[in-house]
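Since the model is a prediction, treat every value here as computed from it, not as a measurement.
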Amino acid sequence: MAERLQNERSDSGLKIDRQTVRELAGAAGAALAGYGAWLSYPPAGFMVAGGILVGLAVIGTLRGGR
């Protein structure tokens, strides 16, 4: 019984795969690029962020949602 409880506890942790880490790093990079552009010229921050989102939409469409 105690061994079963130990196995359940060790399996209940949060698991993050490499793709999730890549997506989080990409989102952080996009946010920092937009913020950096905004510091230089506020409308540029919105243009950079919008350009990144449009680029991601185009790439997603070309890949067929895979």
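Cluster partners of L53 are absent, since no Ile, Leu, Val, Met, Phe, Trp or Tyr has side-chain heavy atoms less than 4.5 Å from it. Annotation for L56: hydrophobic cluster partners, listed by chain and number, are V48, I52 (ILVMFWY side-chain heavy atoms under 4.5 Å, direct or chained).
Residues satisfying the side-chain contact (heavy atoms from CB on, under 4.5 Å) criterion with V54, sequence neighbours excluded, are V58.
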Which donor-acceptor pairs under 3.5 Å do the side chains of residues 18-40 make with protein atoms, sequence neighbours left out?
from : atom 1 : to  : atom 2 : distance (Å)
Q19  : OE1    : R22 : NH1    : 3.4
Q19  : NE2    : E23 : OE2    : 3.4
T20  : OG1    : D17 : OD1    : 2.5

